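Atoms considered below: every heavy atom in the structure, side chains included; atoms not considered: hydrogens, waters and symmetry mates. Note that the structure is a prediction, hence the values are computed from the model and not measured. Proteins get letters first, then strands, A, B, ... in listed order; numbering begins at 1 in each.
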2 protein chains.
Amino acid sequence: MPLMNDTIVLAIVDDHPIVIEGLRTLLKEEPQISIAGSFTRGKDFMDFLQHNKVDLVLLDIMLPDTSGMDLCRDIKKMSPDTVVLALSNHTERSIILQILQNGASGYLVKNVSSTELLNCLKEALKGEIAFSKEVKEIITRPAQHEFKKVPTLTKREKQILQLVSQGKTTPMMAQELNVSPLTIETHRRNLLQKFDVKNVAELMMAAVQHKMITGI
Amino acid sequence: MPLMNDTIVLAIVDDHPIVIEGLRTLLKEEPQISIAGSFTRGKDFMDFLQHNKVDLVLLDIMLPDTSGMDLCRDIKKMSPDTVVLALSNHTERSIILQILQNGASGYLVKNVSSTELLNCLKEALKGEIAFSKEVKEIITRPAQHEFKKVPTLTKREKQILQLVSQGKTTPMMAQELNVSPLTIETHRRNLLQKFDVKNVAELMMAAVQHKMITGI
DNA sequence: TCAAAAATACCGGTAAACCAGTAGATAAAA
DNA sequence: TTTTATCTACTGGTTTACCGGTATTTTTGA
């Protein structure tokens with residue numbers, strides 16, 4: 001965490017040039033903030049982070065190459081002192097909590113006002129958790145279904161979940177992945193267990209709910 | 001349509017201050033463009049339009065108060081010479097076509113680059129239809145699922161689709177609805193046929209896609 | 001009222017999914 | 001290096017889903 005009277009080195013990771021430009025303009029007013037760079041791909045930022053110190057990252061959790069979730073974890077792993085503020089349009093409670101679980105210090109929806117944005121930046125740098133107004137409301141009023149914990153899947157499990165959603169059967173997947181059908185069955189069983197469901201129908205619904213499979 | 005050597009009066013309607021700021025910054029570079037105003041609510045813009053001439057509107061089709069679709073139609077009704085360029089993150093073909101149907105002169109996804117944005121503005125002002133690169137691809141190569149007509153389900157079929165999505169098995173549903181399991185099987189078969197899918201996993205995904213089952 | 005649509009139900013069969021338990025081989029983290 | 005997680009694979013089952021065809025009754029709409 002940088003001292004408050006130091007210059008804060010900030011980076012932006014977002015695949016929308018318009019948003020990047022907007023953030024740059026809003027933050028340019030602040031003398032103690034220096035924008036080190038902006039990136040449209042997660043990998044580019046990780047390369048940058050290897051050779052540069054960054055105090056705070058504004059991170060869009062929907063990126064074309066990597067999931068922002070994974071990127072967040074990678075950032076905190078490589079540079080634990082870097083504060084990550086998630087920036088997104090998703091208003092699902094589960095997603096917000098998930099990104100916090102992955103090490104983010106806060107969550108802003110993209111319709112924040114400039115003053116709100118600056119306040120959140122300051123809070124996050126002080127070591128506090130920062131939420132924009134709308135997000136605070138979402139956090140404080142949880143829905144019933146939100147209580148279900150989001151399971152963490154392994155790489156293979158994610159892959160198989162995707163294939164199942166495409167209607168692939170166990171034998172088909174076994175052939176496609178060059179493993180025994182029995183192996184696929186084990187993965188399927190683990191998926192059912194992790195999601196706490198009884199069959200594929202429920203599995204698909206749960207996965208969609210948690211946005212763990214892309215609709216198309 | 002304004003002449004190309006006149007100053008173009010432009011307005012922005014978007015509920016994201018960051019995006020507004022970004023657009024302003026990008027368009028400030030262009031001497032022939034003058035930004036008349038930016039609005040976070042559709043109604044505010046309509047009030048403005050009553051007393052002011054606007055050549056071009058950058059319109060976010062997802063607004064808190066009105067649907068951007070309706071707003072677009074209202075704009076064209078009140079001021080037919082005003083060119084509307086839709087700005088959104090939605091990449092569904094049906095949505096793009098719908099907004100064009102409502103009088104928009106083009107569609108940009110928010111991840112457009114600044115050069116792309118300016119090109120589209122110019123094209124739209126020339127009276128052409130303007131699409132950003134990604135949108136062009138969506139328009140020209142419609143996905144398979146776009147062709148699939150939305151099946152019309154009977155009352156019973158909807159009911160069973162819902163129960164299936166809740167993880168109910170055929171015997172369970174038979175008992176719950178006081179009919180033979182064989183009847184349920186017939187309904188299931190008809191559902192698979194109507195959605196043109198091979199198994200429940202695909203069925204759930206198709207149903208979710210067409211919003212025929214509520215995620216929760 | 002009469003044809004079409006929907007809901008009901010059956011047979012016989014194959015394929016796939018699901019259950020319970022176990023366990024070796026790797027790969028990654030402590 | 002040792003532990004832990006992950007991926008792999010098996011046995012031996014039961015249950016459910018899916019396929020193709022057929023057919024009666026009930027409801028509904030033109």
Visitor: For A:T186, enumerate each residue passing the side chain to side chain donor-acceptor pair (under 3.5 Å) test, keeping only those at least two apart in sequence or located in another chain.
Guide: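 Per chain and number, A:T186 pairs via side chain to side chain donor-acceptor pair (under 3.5 Å) with no residue.
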Visitor: How large an angle, rounded to 10°, do the end axes of the helix from C:dT1-D:dA30 to C:dA30-D:dT1 enclose when each is built from five base pairs?
Guide: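 Its terminal axes enclose an angle near 70°.
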Visitor: Taking the side chain of A:V179 as its heavy atoms from C-beta onward, which of C:dA9, D:dT6, D:dT8 lies nearest to it?
Guide: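 Closest of the options to the side chain of A:V179: D:dT8.
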Visitor: Reading nucleotides 14-24 of chain D from the 5' end, what letters show protein touch, with B for base, S for backbone sugar-phosphate only, - for no heavy atom under 4.0 Å?
Guide: --SSBBBB---
Visitor: Expressed as a whole number of angstroms, how long is the span from A:L182:CG to D:dT11:P?
Guide: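 Result: 7 Å.
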Visitor: What is the distance from CG of A:L163 to P of C:dA16, rounded to the nearest Å?
Guide: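 Checked: the CG to P distance equals 15 Å.
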Visitor: Taking only N and O in the side chain of B:T183, is any of them less than 4.0 Å away from OP1 or OP2 of C:dC10?
Guide: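 Looking at the OP1 and OP2 atoms of C:dC10, neither is under 4.0 Å from any side-chain N or O of B:T183.
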Visitor: Rounding to an integer number of Å, can you tell me how far A:H187 NE2 sits from D:dA5 P?
Guide: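 These atoms are roughly 17 Å apart.
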Visitor: Does a side-chain heavy-atom distance below 4.5 Å link B:L100 with B:F131?
Guide: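 In contact.
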Visitor: So, does A:N199 use its side chain to make a donor-acceptor pair with the main chain of B:G167 at under 3.5 Å?
Guide: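 Between the backbone of B:G167 and the side chain of A:N199 there is a qualifying donor-acceptor contact (under 3.5 Å).
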Visitor: Between C1' on D:dC7 and CD on A:E157, what's the gap in Å once rounded to a whole number?
Guide: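 Rounding to the nearest Å, CD of A:E157 and C1' of D:dC7 are 10 Å apart.
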Visitor: Distance check needed: D:dT6 P versus A:L177 CG, whole Å only.
Guide: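 Spelled out: CG on A:L177 to P on D:dT6 is 18 Å.
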Visitor: Check the distance between D:dT6's P and A:Q159's CD and give it to me in whole angstrom.
Guide: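 Whole-Å distance recorded here is 15 Å.
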Visitor: Would you say the side chain of A:K76 lies within less than 4.5 Å of the side chain of A:N102, judging by non-hydrogen atoms?
Guide: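 Answer no - side chains too far apart.
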Visitor: Side chain to side chain donor-acceptor pair (under 3.5 Å) with A:N111: which of A:E134, A:K133, A:E116?
Guide: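 For A:N111, the side chain to side chain donor-acceptor pair (under 3.5 Å) check succeeds only for A:E134.
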Visitor: Within the 4.0 Å limit for protein heavy atoms, which parts of nucleotides 24-30 of chain C are touched? Write it as a string from 5' to 3', B for base, S for sugar-phosphate only, - for none.
Guide: -------
Visitor: With sequence neighbours left out, what residues match B:L192 under side chain to side chain contact (heavy atoms under 4.5 Å, CB included)?
Guide: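 Checked B:L192 against side chain to side chain contact (heavy atoms under 4.5 Å, CB included); matches are B:V197, B:L203.
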Visitor: Nearest whole angstrom, please: distance from the P of C:dC19 to the CG of A:L203.
Guide: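 A:L203 atom CG is separated from C:dC19 atom P by 12 Å.
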Visitor: Would A:T25 and B:R24 count as having a side-chain donor-acceptor pair, cut-off 3.5 Å?
Guide: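 Judged by distance alone, the side chains do not pair up.
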Visitor: Using the rule given for side-chain contact (heavy atoms from CB on, under 4.5 Å), can you reason through A:V13 versus A:R41, listing the C-alpha separation, both sets of side-chain angles and the distance that settles it, and then say yes or no?
Guide: CA-CA 7 Å; A:V13 184; A:R41 285 185 311 168; over 6 Å; no
Visitor: Distance check needed: C:dA17 P versus B:E202 CD, whole Å only.
Guide: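 Rounding to the nearest Å, CD of B:E202 and P of C:dA17 are 12 Å apart.
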Visitor: Taking only residues two or more places apart in sequence or in another chain, which ones pass side chain to side chain donor-acceptor pair (under 3.5 Å) with A:K198?
Guide: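 A:K198 satisfies side chain to side chain donor-acceptor pair (under 3.5 Å) with A:E202 once adjacent residues are dropped.
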Visitor: Does A:Q175, at its CD atom, have more than 12 non-hydrogen atoms belonging to other residues, nucleotides or ligands within less than 6.0 Å?
Guide: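 Open: at most 12 neighbouring heavy atoms sit under 6.0 Å from CD of A:Q175.
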Visitor: Is any NZ, NE, NH1 or NH2 atom of the basic residue among A:D60 and A:K110 found under 4.0 Å from an Asp or Glu carboxylate oxygen of the other?
Guide: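 So A:D60 pairs with A:K110 through a salt bridge.
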